[in-house]
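Encoded as structure tokens, the structure appears first; notes follow it.
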Amino acid sequence: MFLFIVFALIAIVAGLGVILSRKPVYSALFLLVNFATLAALYIMLQAQFLAAVQIIVYAGAIVVLILFVIMLIGGGELRDIRDPNKTLLRRLTAPRVTGAVLALLLLAAIGYGLITGTLNSASGSAAAFNNGSVQAIASVLYTDYVLPFELASVLLLVGMIGAVVLAKNE
Amino acid sequence: MTFPTLNLPVISPQIVLVVAALVILIADLVIVQKRILGWISLVAALGALATVFTYRPASPAFQNMALADGLGLFTTAAVLIAAALALLLSVERVADFTRHAGAYYALILLATAGMTALTIASDFMTIFVAIEILSLALYVLSGFNRRDARSSEAALKYFLLGAFASGFLLYGIALIYGATGTTNLAAIAQGIAPLSVSLPFAPLLPLGVGLLLVGLGFKVALVPFHMWTPDVYQGAPTPVTAFMSVGTKTASFAALIRVLAALGSHDRPWLLALAGLAVLTMTLGNLAALRQTSLKRMLAYSSIAHAGYIVTGLAAGNPRGAEGALYYLLAYTFMNLGAFAVLLAVQRREENDVSVERLHGLAARQPVLAVLMALFMFSLAGIPPLAGFFAKLYVFSGAVEAGLAWLAIVGVINSAIGAYYYLRVTVAMFMSEPAADAAEAPKPGWPVMATIAIAALATLLLGIWQFPWMQSIIQAVSTLALR
């Protein structure tokens, strides 16, 4: 429980950091912290596979992609966020309103799930992976889904050949 | 833990193709004479075809992920024939547009592996991965001519729109999964048969099928998801266009027939949507083709129109319509590949497209080529006794049998419109004076001529000697549970 509180607090602070930083690069790095703490939370929920994917895909690939984009467009400072010259109403642009509405909807959905108990019934599924989720996923992947899995490796091969051919000098 | 039973013979064509692709990639490093790689890939395609003919239709394999039934084997054979002809076409001219011949042949084989995997896929997981394999390989192949800006533009356009379409496809699959609780086609068919109303999220099913139609409609170029087709067909190197125009259609339509058959026992609102798509696709494809001066763009719009005729057979939703669609796919494979092969034969080395004017007076210069091109044009227009006529006859009679006589009438009117631009090409070849700048294209070598000859022979034979083909088609459709 103590660990959970620590990680949850870090995640919340990092999440606030993402939206309150003036420099986009700081936002991206806060996002990295947020993703990492989420991975820790997944491990505490016995979802090791999800945690690994969270680190590899989100903390690795996605954050790097975001940093690339920031470097391409130039990472200046964003002034508008805490601009004292504008009233609160003026600062409510369309993206922010959309974001706020979506956040409220998410909160409402989670709250509804907690109150009616539908979310609690799902909590038992972590225990269903008796050997941990990595083994559970692996055994399904290499038995039931072995054909799509092998085809996915062909897909990666195609992507690799294509990237090399298109990048080579003619 | 139970170990899976691996029924490897089911995927033997795919194994042959992927292994050959790897061998070619390695051999590319040591072999200087790149033409040899082309022959290796051709042997691989024919070898894969041989495995299809030695294999008999069987029960589901790989935990219901694949099903090499009559439909799968028939369309796999059609795709492999298309690949073999395209490779034969490529051997001579691949050096015109690229120095990376090894990667070119490997990608054609891998795309073929993806297409053949799609034809036997009986689970949405397999379907999606197979579609991605063939799409990704074709994105790269259409951009293979690095010296031509049009080719790169085609690749980029195809990639961006294709990625978008994949999103639709995946969303459709997710919604169908939400409605039925499974991604397996056999389980879906079983699930919706007894409880066609009490599915947990039944309204999601038509929505999911609709999105699925958008995704697959993009791959086979149905109006209004056809925007990419003319540009990509024109920009891609001609052998690639020849291959993708027939192979992708065959594989995607096979998957569509399988999916629709699995959803068949349900009340089927999407058949009406298919009929609407068919009308739009036929009409717009034919009307746009009328105005084209570039032969490749004309054939691109004509391929859109043909996709419309094939959808007519699917919209009928009965065995007759599905049989017509399968026959159409095989006939279209030969006649369209043949037309593109003639186009390649008359185009100059540095060119990637030919205007209709270039064909003026072709009959005087190269009579054999002109006669065979006329044969393909007559077949595409649907003139008896060629394959194209019977293909149209079967899909339209399927539509009439299903009570969609109006759809068949629209199709016949469209065939008449289409005949105009096909015959215009013929008239240009036989009755016009040669254009002043009719500089000679390099004399086509025997591989190109052999491709054209095989396609022409098959176009004739499919029309006048139908028994063996129709027998396997009827057998293929009878195992599907079509109403």
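Here is the naming used below: chain letters follow the sequence lines, and residue numbers restart at 1 for every chain. These values consider heavy atoms only, across backbone and side chains, with no hydrogens, waters or symmetry-generated copies.
The two residues A:K168 and B:R146 have their closest heavy-atom pair at O-NH1, 2.8 Å. In this structure, B:V129 and A:A152 approach most closely via the heavy-atom pair CG1-N, 3.7 Å. Nearest heavy-atom pair, B:Q63 versus A:D144, reported as atom, atom and distance to 0.1 Å: CG-OD1, 3.4 Å.
Note: A:L147 CG to B:M125 CE = 12.5 Å, rounded to the nearest 0.5 Å. One distance of note links CG of A:L166 with CZ of B:F144; it measures 7.5 Å at 0.5 Å rounding. Distance check: A:E150 CD to B:T126 OG1 gives 12.5 Å after rounding to the nearest 0.5 Å.
Taking the side chain to side chain donor-acceptor pair (under 3.5 Å) definition, one finds that B:S135 meets it with B:K219, sequence neighbours left out.
Neither the backbone nor the side chain of B:L141 comes within contact range of chain A; no heavy atom of the residue lies under 4.5 Å from a heavy atom of that chain. Contacts of B:I127 with chain A are absent, with no heavy-atom separation under 4.5 Å from either backbone or side chain. Using a 4.5 Å cut-off between heavy atoms, B:L25 contacts chain A through its side chain alone, with no backbone atom that close. Within the 4.5 angstrom heavy-atom criterion, atoms from both the backbone and the side chain of B:A137 approach chain A. In this structure, the portions of B:L136 lying under 4.5 Å from any heavy atom of chain A include both its backbone and its side chain. For a residue to count as touching a neighbouring chain, one of its non-hydrogen atoms must lie under 4.5 Å from one of that chain's; by this rule A:L151 touches chain B with backbone and side chain alike.
Checked options A:V158, A:V154, A:L155; the residue passing with B:E132 is A:L155 (criterion: side-chain contact (heavy atoms from CB on, under 4.5 Å)).
Of all residues in residues 154-166 of chain B, none places a non-hydrogen atom less than 4.5 angstrom from a non-hydrogen atom of chain A.
The shortest side-chain heavy-atom distance between A:L157 and B:I133 does not fall under the 4.5 Å cut-off.
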